[in-house]
Visitor: 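Got a structure here, written out as structure tokens. Questions coming.
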Amino acid sequence: MQNHYIVFAFLLTFLVHNSCALWPRPASVTSANDTLLLSSSFAIHSELKTTPSDLQDAITRTKGFLKTDKLGRLVVGRGTSDIPTFKSAKSLPSLTLRLSEGSTVQSIANEAVANLSERQEGYSISIPSDGTAAIITANSTLGLLRGLTTFEQLWYMAGGQTYMIGAPMEIVDEPVYHYRGFMLDTARNFYPVADIKRSLDAMSWVKLNTFYWHVVDSQSFPLEVSEFPELSIAAAYSASDVYSENDVQDIINYAAERGIDVILELDTPGHTTAIGFSHPEHIACNLASPWSDFASEPPAGQLRLASPSTVNFTVDLMQAVSSKFRSQFFSTGGDEVNTNCYTQDSETQKELNASGLTLDEALNNFLMATHDVLRSGGKNPIVKEDMVLKHNTSLPNSTIVVVWISSDDAKAVAEKGFRIIHQPSDFFYLDCGGGGWLGDDITLNSWCDPFKTWQKIYSFDPLANLTADEASLVLGGQIPLWSEQSGPENLDSIAWPRTASAAEVFWTGGTLDDPLRNLSSALPRLHDVRYRMVQRGVNAIHLQPEFCALRPGACDLDA
């Protein structure tokens, strides 16, 4: 299926009027030059026998955006030069939503959490210029949602009139990669539910479909777990910095209605010091000093993976937490396990000596136990690349691996036969370039310098150095925001619009060597989606002075 999508993306043409600023770029757009007005009585009609409530909500949102975006086209004069064309333009009276014959009607929320290979996000849009209705056709309500998202991006305002240029227009579109995500760390600093929802909105506007939630870490445990209430009581920063079980379900539902699956990461056995605030018996080198001898970040501490009681505790915690999520996937992390911590921990050494196991053998048993409980609950485990490249484990190839240390590591993971989610620090880490955050050294910069520009993110090739067989293992990728220096105050400006660059990488596919994808044609469209986000309340950062945004190419080095 993956190869089919790649071939599909390469073969289809992109014949789009230069006023069309769609993001991510559809697989195929054919357009002319006519102006089309949006009727003052514009309506959206569903032909489904029964329209799911979340599709109806999506229709309502689209109608709202068409009224409130009021985005002036990004040209000199902000579209005032288009006004003379309004006199002869027809008006679009309505938009019809239609499922292909034989399609089964399901809610968007149900389709958002289906098996990756079964998610149908493709759609087509037909917009005539003669004043008859436009049509969005798809095989699923999820596809109809993606089509509505594209339709919204076509419209601008000038002279008090909502209009588009490029009619008649035909769009045929579907993603190259099934997995397209944004990862947020809510443990280093806490993000209120409203900020997460705003991020989910922005994700949906660029067709990202996975929110990978790194909810807890060594610094705090802000997740309420009814079976283990002591964890958040002891290890959240405050009683108000907690995601209640109702909050979690609210986020899951809100995401699903926007076509987004929520995958939780409960990182183990490292990055678990916060558990020690209520269960110190399960934590090796708990709060040991100097922390840098025992952990990648303060405070030091990780699960005593060789202890049967700790394994049982972790299994019970995994079962309790994972059962509250609809996703078919659950991540146990596994990055940055500190072997010196276990070497120095007398309890771990006692258990290893008693069992006759090596540390990697104990780690493998720990993984098997935690993954068994996930699989018995219908979850497919996800791990970080460390678990297959740095440790001798017997994880089955059904396990999904996040490649994060370097993009070069994807080859080694694929050679072992594991499916891949790209999250490479050398391309995607949004926190890079922010300077060092440790308090006593003026020379430190972020470990993953330099800052990852939108251009660097956009240049990523998901299939670099992979054979055709290995390429079939690439599910997609996600862009992460680690929050040592981020919080609700700068969430939008750190994440957007750079995250949108990754959205196009994994929706549209290809490389910068392809005629269908290049920086020159991407920048004007990325400007457009950034300005539209701001209109909708997301404080996305500027990419250039507005002078440049209104004059594509004028600020290139050779202009």
Side-chain angles (χ1 to χ4, degrees), residues 12-48 55 58-75 79 82-83 85-100 121-159 161-175 205-207 507-508 521 524-525 528-529 532:
L12 288 173
T13 58
F14 183 61
L15 305 175
V16 60
H17 190 276
N18 61 11
S19 69
C20 183
L22 301 179
W23 195 283
R25 179 182 57 75
S28 172
V29 180
T30 304
S31 70
N33 300 314
D34 291 349
T35 298
L36 187 64
L37 307 179
L38 193 72
S39 171
S40 59
S41 59
F42 176 79
I44 301 178
H45 305 293
S46 169
E47 286 190 348
L48 282 64
L55 178 58
I59 291 170
T60 300
R61 289 197 301 273
T62 293
K63 292 171 67 176
F65 290 142
L66 293 173
K67 290 182 179 180
T68 62
D69 275 359
K70 297 181 179 180
L71 181 64
R73 198 154 67 85
L74 293 185
V75 294
D82 299 329
I83 294 175
T85 67
F86 295 174
K87 294 180 181 179
S88 59
K90 299 289 187 180
S91 292
L92 184 69
S94 62
L95 171 66
T96 298
L97 304 185
R98 178 179 297 165
L99 284 182
S100 303
E121 299 180 82
Y123 64 92
S124 64
I125 303 178
S126 178
I127 304 175
S129 60
D130 60 3
T132 56
I135 299 172
I136 297 178
T137 305
N139 292 328
S140 68
T141 56
L142 183 57
L144 293 175
L145 172 68
R146 304 303 185 216
L148 285 169
T149 301
T150 298
F151 183 82
E152 296 163 6
Q153 294 180 339
L154 293 168
W155 301 89
Y156 301 93
M157 176 169 278
Q161 178 65 59
T162 301
Y163 71 102
M164 64 168 283
I165 295 177
M169 181 178 291
E170 301 287 335
I171 298 174
V172 179
D173 197 16
E174 64 178 346
W205 301 335
V206 293
K207 301 184 179 69
W507 179 278
T508 306
S521 66
R525 294 184 295 109
D528 197 272
V529 77
R532 199 174 292 273

Visitor: So which heavy atom on Ile59 is nearest to which on Ser46, and how close?
Guide: CD1-CB, 4.5 Å

Visitor: State, to 0.1 Å, how close Pro26 and Asp173 come at their nearest heavy-atom pair, and which atoms those are.
Guide: CA-OD1, 3.3 Å

Visitor: Quick check: closest heavy atoms across Gly166 and Ser31, and the distance to 0.1 Å?
Guide: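 It is O-CB, 3.1 Å.
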
Visitor: Using the salt bridge (Lys or Arg N to Asp or Glu O under 4.0 Å) criterion, which residues pair with Arg61? Sequence neighbours excluded.
Guide: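 Checked Arg61 against salt bridge (Lys or Arg N to Asp or Glu O under 4.0 Å); zero matches.
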
Visitor: Is the backbone N or O of Pro24 less than 3.5 Å from a side-chain atom of Thr508, with the two atoms forming a donor-acceptor pair by type?
Guide: no

Visitor: Who are the side chain to side chain contact (heavy atoms under 4.5 Å, CB included) partners of Lys67, not counting sequence neighbours?
Guide: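 With sequence neighbours excluded, Lys67 shows a side chain to side chain contact (heavy atoms under 4.5 Å, CB included) to no residue whatsoever.
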
Visitor: State which residues pass salt bridge (Lys or Arg N to Asp or Glu O under 4.0 Å) with Glu170; sequence neighbours excluded, sorted by chain then number.
Guide: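 If we apply the salt bridge (Lys or Arg N to Asp or Glu O under 4.0 Å) test to Glu170, skipping adjacent residues, there are no hits.
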
Visitor: What pairs with Thr150 under side chain to side chain contact (heavy atoms under 4.5 Å, CB included), at least two apart in sequence or on another chain?
Guide: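 Expected list: Leu22, Tyr123, Ile125, Ile171, Lys207.
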
Visitor: How long is the span from the CG atom in Leu142 to the CG atom in Leu55, to the nearest 0.5 Å?
Guide: 10.5 Å

Visitor: State, to 0.1 Å, how close Ala27 and Val172 come at their nearest heavy-atom pair, and which atoms those are.
Guide: CB-O, 3.6 Å

Visitor: Using the side chain to side chain donor-acceptor pair (under 3.5 Å) criterion, which residues pair with Trp23? Sequence neighbours excluded.
Guide: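 Partners of Trp23 under the side chain to side chain donor-acceptor pair (under 3.5 Å) test: none.
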
Visitor: Could I get the full list of side chain to side chain donor-acceptor pair (under 3.5 Å) partners for Ser124, not counting sequence neighbours?
Guide: none

Visitor: Is there a side-chain contact between Trp155 and Leu92 in this structure, where contact means two heavy atoms from C-beta onward sitting under 4.5 Å apart?
Guide: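 Touching, per the 4.5 Å side-chain cut-off.
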
Visitor: Can you name the residues that form a salt bridge (Lys or Arg N to Asp or Glu O under 4.0 Å) with Asp34, not counting sequence neighbours?
Guide: none

Visitor: First locate atom OG1 of Thr62, then atom CG of Leu95, and finally report the distance between them rounded to the nearest 0.5 Å.
Guide: 8.0 Å

Visitor: Checking Gln153 now: which residues fulfil side chain to side chain donor-acceptor pair (under 3.5 Å) with it, not counting sequence neighbours?
Guide: none

Visitor: Working to the nearest 0.5 Å, report the span between OG1 of Thr35 and CG of Asp82.
Guide: 6.0 Å

Visitor: Rounded to the nearest 0.5 Å, what's the gap from CG on Leu154 to CG on Leu36? Could you check?
Guide: 10.0 Å

Visitor: Counting C-beta onward and ignoring hydrogens, is there a side-chain heavy-atom pair between Leu66 and Phe151 closer than 4.5 Å?
Guide: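 Yes, at least one pair of side-chain atoms sits under 4.5 Å.
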
Visitor: Does any part of the side chain of Asp69, heavy atoms only, come nearer than 4.5 Å to the side chain of Thr162, both counted from C-beta?
Guide: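 SC-SC contact between Thr162 and Asp69 ruled out.
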
Visitor: So, for Ala167 and Ser129, which heavy atoms are closest and what is the spacing to 0.1 Å?
Guide: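 Closest approach of Ala167 to Ser129: CB-CB, 3.8 Å.
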
Visitor: Give every residue pair that meets the side-chain hydrogen bond (donor to acceptor under 3.5 Å, both in side chains) criterion with at least one member in residues 87-100, sequence neighbours excluded.
Guide: Glu47-Arg98, Ser100-Asn139

Visitor: Let me confirm one number: the OG1-CZ distance from Thr149 to Phe65, rounded to the nearest 0.5 Å.
Guide: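 Interatomic distance, Thr149 OG1 to Phe65 CZ, rounded to 0.5 Å: 8.5 Å.
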
Visitor: With Tyr163, which residues qualify under ring pair (Phe, Tyr, Trp, His ring centres under 6.0 Å), at least two apart?
Guide: Phe86

Visitor: Output every pair passing salt bridge (charged side-chain N to carboxylate O under 4.0 Å, His left out) with a member in residues 126-148, not counting sequence neighbours, ordered by first then second residue.
Guide: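 Residue pairs with at least one partner in residues 126-148: Glu121-Arg146.
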
Visitor: Rounded to the nearest 0.5 Å, how far apart are CG of Asn33 and OG1 of Thr85?
Guide: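 Spacing of CG (Asn33) from OG1 (Thr85) equals 11.0 Å.
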
Visitor: Give me the atom names and distance for the closest heavy-atom approach of Ala133 to Pro93.
Guide: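 Residues Ala133 and Pro93, closest heavy atoms: N-CG, 4.2 Å.
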
Visitor: Between Met169 and Met164, is any pair of side-chain heavy atoms under 4.5 Å apart?
Guide: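 Met169 vs Met164: side chains touch.
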
Visitor: Going by side chain to side chain donor-acceptor pair (under 3.5 Å), name the residues that satisfy it together with Ser41, two or more places apart in sequence or in a different chain.
Guide: Ser39

